[in-house]
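First up is the structure itself, then whatever we jot down about it.
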Amino acid sequence: MKVTAYKTPLIKKNDNLFEVIAHAIPTLPERSIVVVSSKIIATCEDRFVPKQAGLDREAQRAEKHDLVRQEADLFTDPHSSKYDLMLTIKRNWMFVNAGLDESNADDHYLLWPRNPQQAANDIWQFLRSHYGVSEVGVTISDSSSMPLNWGVIGRGIAHCGFEALKSYIGKPDLYGRPMKMEQVNITQAVTVAGVLEMGEGSEQTPLAVVEEIRDVVFQDRVPTNQELADLHIELEDDAYAPILTKADWKKGGGGYKGS
């Protein structure tokens with residue numbers, strides 16, 4: 001696997017995302033996957049929410065928590081975390097604070113893109129047209145922590161142009177035993193590699209191209225609704241159900257309705 005990160009100018013609200021990509025990535029080889037930071041998509045969509053001036057520390061916390069409640073599908077009470085974080089589920093993804101970001105946001109809160117899957121589909125169409133490639137993929141990345149691990153890794157919140165999962169179900173292992181549950185998540189594996197090269201701070205490299213990937217099945221279309229639905233897992237069906245189903249989840253607003 002070969003991963004190359006690409007530097008961009010400082011992206012500002014309402015910039016044209018396609019122009020940003022075209023100027024940053026000179027050429028794009030066939031059978032590659034482009035990893036795009038959700039932050040630059042949200043920036044181009046002007047998904048900023050200004051912080052109210054003059055608030056004391058407690059009022060700032062309340063302002064942020066209210067916004068997380070509006071953005072999340074499900075959320076836990078911030079007082080349940082020693083770090084004052086809210087565990088949230090949004091679009092079947094579990095993140096801290098519903099993906100709300102304050103880093104590199106110029107004293108604003110930055111929300112998720114309005115529709116990450118539609119953004120992935122649109123970028124995929126642009127890549128095929130602009131670079132003249134037929135087999136190409138896209139993942140939209142965000143950063144998230146893993147249980148019982150310090151640090152963050154990239155997480156793919158949307159994909160397009162390839163099959164997200166490689167299944168080993170029914171195939172024999174080294175000793176001939178049929179595998180019952182094993183699937184490799186191509187979207188997540190590629191996104192992790194891309195974000196590692198892109199960085200998490202001031203690198204200003206929000207794009208990565210991943211090449212020479214084994215076992216990727218590229219598709220000549222956007223994912224179907226059924227394919228996307230098949231990637232979702234209900235809480236009670238997840239391997240972590242003993243934990244997830246015991247959390248004191250509260251229903252959130254499912255998305256900020258502001259500008």
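Computed from a predicted model, the values in this text were never measured in an experiment.
- At least one side-chain heavy atom of Met94 sits under 4.5 Å from a side-chain heavy atom of Ile89.
- Using a 4.5 Å cut-off on side-chain heavy atoms (C-beta onward), Asn97 and Leu85 make contact.
- Under a 3.5 Å cut-off, the side chain of Glu236 and the backbone N or O of Thr245 do not form any donor-acceptor pair.
- Once rounded to the nearest 0.5 Å, the distance linking CG of Asp142 with CG of Asp101 reads 7.0 Å.
- Ile33 and Val222 are members of different hydrophobic clusters when ILVMFWY side chains are connected at heavy-atom separations under 4.5 Å.
- Atom OG of Ser144 sits about 7.0 Å away from atom CD1 of Ile153, to the nearest 0.5 Å.
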**Message:** side chain to side chain donor-acceptor pair (under 3.5 Å), that's the test. Do Gln118 and Asp122 meet it? Break it down for me.
**Reply:** CA-CA 6 Å; Gln118 187 60 55; Asp122 292 344; 2.8 Å; yes
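- No path of Ile, Leu, Val, Met, Phe, Trp and Tyr side chains, each step under 4.5 Å between heavy atoms, connects Leu207 with Val195, placing them in separate hydrophobic clusters.
- Contact of the Asp220 side chain with the Arg128 side chain is registered, since non-hydrogen atoms from C-beta on lie closer than 4.5 Å.
- Heavy atoms only, all atoms of each residue included: Ser145 and Val96 are closest at OG-CG2, 4.5 Å.
- Inter-residue side-chain proximity for Ile186 and Glu163 is flagged as unmet; no heavy-atom pair is nearer than 4.5 Å.
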Side-chain donor-acceptor distances from residues 51-58 under 3.5 Å, at least two apart:
| from | atom 1 | to | atom 2 | distance (Å) |
| --- | --- | --- | --- | --- |
| Lys51 | NZ | Glu102 | OE1 | 2.6 |
| Asp56 | OD1 | Glu58 | N | 3.3 |
| Asp56 | OD1 | Ala59 | N | 2.7 |
| Glu58 | OE1 | Arg61 | NH1 | 2.9 |
| Glu58 | OE2 | Arg61 | NH1 | 2.6 |

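- The number of heavy-atom neighbours closer than 6.0 Å to CG of Asn149, taken from other residues, nucleotides and ligands shown, is above 12.
- Annotation: side chain of Ser38 is in contact with side chain of Ile157 (closest heavy-atom distance under 4.5 Å).
- For CZ of Arg214, the number of neighbouring non-hydrogen atoms (other residues, nucleotides, ligands) closer than 6.0 Å is 12 at most.
- Neither Val138 nor Val210 shares a network with the other; the hydrophobic side chains, linked directly or stepwise wherever heavy atoms of I, L, V, M, F, W or Y lie under 4.5 Å apart, form separate groups for each.
- Contact of the Ser32 side chain with the Val136 side chain is registered, since non-hydrogen atoms from C-beta on lie closer than 4.5 Å.
- To the nearest 0.5 Å, atom CD of residue Glu234 and atom CG of residue Asn92 are 7.0 Å apart.
- Closest heavy-atom contact between Trp112 and Pro116: CE3-CG, 4.3 Å.
- Contact annotation: the side chain of Glu71 never approaches that of Met86 to less than 4.5 Å [non-hydrogen atoms, C-beta and beyond].
- Here the side chain of Arg31 pairs no donor or acceptor atom with the backbone of Glu135 at under 3.5 angstrom.
- Ser37 contributes no side-chain N or O that, together with a main-chain N or O of Pro206, makes up a donor-acceptor pair within less than 3.5 Å.
- Between Phe18 and Phe126, the two ring planes are parallel [angle under 30°; tilted spans 30° to 60°].
- Listed for the Glu197 side chain is no donor-acceptor partner under 3.5 Å among the backbone atoms of Ala208.
- Contact of the Phe162 side chain with the Val217 side chain is not registered, since no non-hydrogen atoms from C-beta on lie closer than 4.5 Å.
- For Trp249 (side chain) and Asp73 (main-chain N/O), no donor-acceptor pair under 3.5 Å exists by modelled atom type.
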**Message:** Determine whether Leu228 and His159 satisfy the following criterion, side chain to side chain contact (heavy atoms under 4.5 Å, CB included), listing intermediate values before the conclusion.
**Reply:** CA-CA 9 Å; Leu228 294 175; His159 82 287; 4.0 Å; yes
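- Atom NZ of Lys90 sits about 11.5 Å away from atom CG of Leu74, to the nearest 0.5 Å.
- Linking Ile, Leu, Val, Met, Phe, Trp and Tyr residues whenever their side-chain heavy atoms come within less than 4.5 Å leaves Ile140 and Phe218 in two separate clusters.
- The backbone N or O of Leu87 lies less than 3.5 Å from a partner atom in the side chain of Thr76, making a donor-acceptor pair.
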**Asked** Hey, mind stepping through Ser103 and Lys39 against side chain to side chain contact (heavy atoms under 4.5 Å, CB included) and telling me if it holds?
**Response** CA-CA 10 Å; Ser103 62; Lys39 176 169 282 190; 3.1 Å; yes
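- Donor-acceptor pairing under 3.5 Å is recorded for the side chains of Gln117 and Asn121.
- Put simply, the residue from Leu165, Asn185, Thr187 that forms a side-chain contact (heavy atoms from CB on, under 4.5 Å) with Leu231 is Leu165.
- Applying the 6.0 Å contact sphere to CE of Met1 captures more than 12 heavy atoms from other residues, nucleotides or ligands.
- One hydrophobic cluster holds both Val184 and Val216 under the rule that ILVMFWY side chains link at heavy-atom gaps under 4.5 Å.
- In this structure, Met198 CE and Ile40 CD1 are separated by 7.0 Å, a value rounded to the nearest 0.5 Å.
- Contact detail for Ala105 and Leu110: the closest heavy-atom pair is CB-CB, 4.4 Å.
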Listed pairs under 3.5 Å, donor-acceptor, residues 3-13 side chains, sequence neighbours left out:
| from | atom 1 | to | atom 2 | distance (Å) |
| --- | --- | --- | --- | --- |
| Lys7 | NZ | Glu203 | O | 3.1 |

**Prompt:** Do His130 and Ile21 pass the side chain to side chain contact (heavy atoms under 4.5 Å, CB included) test, and can you show the C-alpha distance, the side-chain angles, and the key distance before you say yes or no?
**Reply:** CA-CA 10 Å; His130 180 78; Ile21 295 172; over 6 Å; no
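- Separation of atoms CG (Leu100) and CG (Leu111) is listed at 6.0 Å; rounding is to 0.5 Å.
- The heavy-atom pair separating Gly137 from Leu127 by the smallest distance is O-CD1, 4.3 Å.
- Of all heavy-atom pairs spanning Phe95 and Arg155, the tightest one is CZ-CG, 3.9 Å.
- Cys160 and Ala120 get closest at one heavy-atom pair: CB-O, 3.8 Å.
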**Asked** Going through the checks in order, is the side chain to side chain contact (heavy atoms under 4.5 Å, CB included) test met by Arg91 and Asn115?
**Response** CA-CA 10 Å; Arg91 293 178 180 264; Asn115 187 331; 4.2 Å; yes
